[in-house]
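Below is one structure; the comments refer to it alone.
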There are 2 protein chains.
Amino acid sequence: MEGSRVGTVQLLWRHERPLPPRPGRPATITVDAVVDAGIEEADGRGLAAFSLRRVAERLGVGVMTLYGHVANRAQLLELMVDQCRLDMEFASPTGSWREMLAQVAAENLALLERHPWLAHLETERAVLGPGTLGKYERELAAVEPLPLGDAAKDQALALVLSFVRSSARALEAARVERSDETPEQWWEREGAELAALGVEERFPLASRIGQAAGEATNAAADARAAHAFGLAVLLDGLAERDAEPV
Amino acid sequence: MEGSRVGTVQLLWRHERPLPPRPGRPATITVDAVVDAGIEEADGRGLAAFSLRRVAERLGVGVMTLYGHVANRAQLLELMVDQCRLDMEFASPTGSWREMLAQVAAENLALLERHPWLAHLETERAVLGPGTLGKYERELAAVEPLPLGDAAKDQALALVLSFVRSSARALEAARVERSDETPEQWWEREGAELAALGVEERFPLASRIGQAAGEATNAAADARAAHAFGLAVLLDGLAERDAEPV
DNA sequence: TTATAACCCGTACATCGTACGGAAAGAGAG
DNA sequence: CTCTCTTTCCGTACGATGTACGGGTTATAA
């Protein structure tokens, strides 16, 4: 059983170190099939509804069969993450660091829009697979020209990626919100009660700016503009480091 | 049953609109008790282990009793979030927008360190309670001096808060990682296999910078410095908007 | 004292991840 | 071709979770 025999790292790099053929009953599915089915499942139903039973069903296989190829749910998710990063589309980085970093941001946003569950996954611990490492290597090239220490370069990249992540989540939330309910419905449901509490008078700034932000969110074009604004702020901040080295 | 009778907004503002006393058997617990127990539970055990059964147990009450005071798990979490924001410590904002925003960041970081689960909670939809609104109102004062449109002001604040959030998660992850396992243990477990795959030669940038970033993470002081670096970048980026209005 | 309203909560169900162990299936030896 | 051995497949089972339902309990108001 691959799932119990080999560690996560071995499984992540399975294409570079294929296991020697073994005697006995041959497997009906492969790790790749499990990972692909997992990704399709997560893409389609979302992370909240993601379950091993559904993945197994998609493969036409019993649930416990999965455990012969993958150690557990958490490991499968790690493999899925690395696979997505491996399959990620990108252009080889060119131009100034600023252009490269903007491209990195755009490519990551595209990745998270193709696989929204990636933005909802908790991946504090790094996934040390070929996809993740290759992506990291490529993206580091964008911050390499900056006059920063190594740790700061990592931090600069992480800053951009974390921004893109939260931006992707916000854009997704806005998308479903738009399709879920019109502002009028929302008002009928909650807004009226809030008004009765005198919220507008007691929280004038919050009301004014909150409304503007809400309207911007509801207009798809403005939501994109908000993303661009945030990214520009970030890049300008990094440009400051470029001009005046620390 | 308060949990089914009133909506989420009513429950959030329960202290301003206390329900009139009602005939019948008096309740043994209050919404506040449930919310407080929930916060203690989440603080102590973490969000992953958070369950209604445990909250009920802490209150010395059956699980289903909770449903008499709160609609469901998701609503309880919303109430907990708003309560934390209401109890959050803060100094009234003074100084330049930059000083105020730095203070907002520090206060939010403190909030997330006191209640780490807040950083792991998915709160795309705003929680429209007194805690959240008050916090938003107060924090908007920091970006109000900036020469930006209303939507951009919200975006600027969100940018800082999202950074603090991911920073808090990184700091927490580093903390548990430090206590979990020494770098030597890690190397024995995974690093050796990676080296065997020729990772250092194939991903030189990633190896060099990844190592530097890892070491910085492992030194508590450097991890804090990384946070400061990110915040400075952000604020510098916003300062650009200050100098040259859009 | 009685009626009534409200609350408490035991039971039950669907769903989840996953441990265990036996059935099944192919490969190689004779 | 048959037997044996190795490996894979997966049914069953367990504990945990959120929550629907309905009956027992306990106050207040008449």
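Order of the sequence lines sets the chain letters (A, B, ...), proteins ahead of strands, with each chain counted from 1.
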Subject >> Sidechain N-carboxylate O distance under 4.0 Å for Glu113(A), Arg175(A) >> reply: yes
**OP:** May I ask you to test the Val160(A)-Glu139(A) pair for a side-chain heavy-atom distance under 4.5 Å?
**Re:** no
Original post:
Of the candidate nucleotides dG10(C), dC7(C), dC10(D), which contains the atom at the shortest distance from the side chain of Ala27(B)?
Top reply: dC7(C)
Subject >> Student check: side-chain heavy atoms of Val199(A) and Trp13(B) closer than 4.5 Å >> reply: yes
Original post:
Among Asp36(A), Thr65(A), Leu66(A), which residue meets the side-chain contact (heavy atoms from CB on, under 4.5 Å) test with Leu59(A)?
Top reply: Leu66(A)
So which protein nitrogen or oxygen atoms get under 3.5 Å of nucleotides 25-30 of chain D's nitrogens or oxygens?
{"from": "dT25(D)", "atom 1": "O2", "to": "Arg25(B)", "atom 2": "NH1", "distance (Å)": "3.1"}

Original post:
Looking at side-chain heavy atoms only, is the closest gap between Glu172(A) and Glu124(B) below 4.5 Å?
Top reply: no
Subject >> Pairwise distance CD1(Ile39(B)) to SG(Cys84(B)) - rounded to 0.5 angstrom >> reply: 4.0 Å
Original post:
Taking only side-chain nitrogens and oxygens of His69(B), does any of them come within less than 4.0 Å of OP1 or OP2 of dC8(C)?
Top reply: yes
Original post:
Expressed in angstrom and rounded to an integer, what is the separation of Met64(A) atom CE from dC20(C) atom P?
Top reply: 10 Å
Subject >> Leu66(A) CG to dG11(D) P, straight-line distance once rounded to whole Å >> reply: 12 Å
Original post:
Does a side-chain heavy-atom distance below 4.5 Å link Leu133(B) with Arg202(A)?
Top reply: no
**OP:** Provide the closest heavy-atom pair for Gly131(B) versus Asp82(B) in the form atom of the first, atom of the second, distance.
**Re:** N-OD2, 2.9 Å
**OP:** Would you classify Ile29(A) as touching base, sugar-phosphate or nothing, given that sugar-phosphate means primed atoms plus P, OP1 and OP2, and contacts are heavy atoms under 4.0 Å?
**Re:** sugar-phosphate
Would you tabulate the pairs of protein nitrogen or oxygen atoms and nucleotide nitrogen or oxygen atoms of nucleotides 14-17 of chain C closer than 3.5 angstrom?
{"from": "dC16(C)", "atom 1": "OP1", "to": "Ser51(A)", "atom 2": "OG", "distance (Å)": "3.3"}
{"from": "dG17(C)", "atom 1": "OP1", "to": "Leu52(A)", "atom 2": "N", "distance (Å)": "3.4"}
{"from": "dG17(C)", "atom 1": "OP1", "to": "Arg73(A)", "atom 2": "NH1", "distance (Å)": "2.9"}
{"from": "dG17(C)", "atom 1": "OP2", "to": "Leu52(A)", "atom 2": "N", "distance (Å)": "3.1"}
{"from": "dG17(C)", "atom 1": "N7", "to": "Arg53(A)", "atom 2": "NH1", "distance (Å)": "2.7"}
{"from": "dG17(C)", "atom 1": "O6", "to": "Arg53(A)", "atom 2": "NH2", "distance (Å)": "3.3"}

Subject >> Whole angstrom value for the distance that separates P of dG11(D) from CD of Glu57(A) >> reply: 12 Å
Original post:
If we fit an axis to the first five pairs and another to the last five of the helix from dT1(C)-dA30(D) to dG30(C)-dC1(D), what angle do they make, to the nearest 10°?
Top reply: 20°
**OP:** Starting from P on dC9(C), measure out to CG on Leu59(B) and report it in whole angstrom.
**Re:** 11 Å
Subject >> Distance in Å, Gln75(A) CD paired with Met80(A) CE, rounded so as to fall on 0.5 Å steps >> reply: 12.5 Å
Original post:
So do the side chains of Thr30(B) and Arg14(B) get within less than 4.5 Å of each other, counting heavy atoms only?
Top reply: no
Subject >> Side-chain heavy atoms of Arg114(A) within contact of Glu89(A), under 4.5 Å >> reply: yes
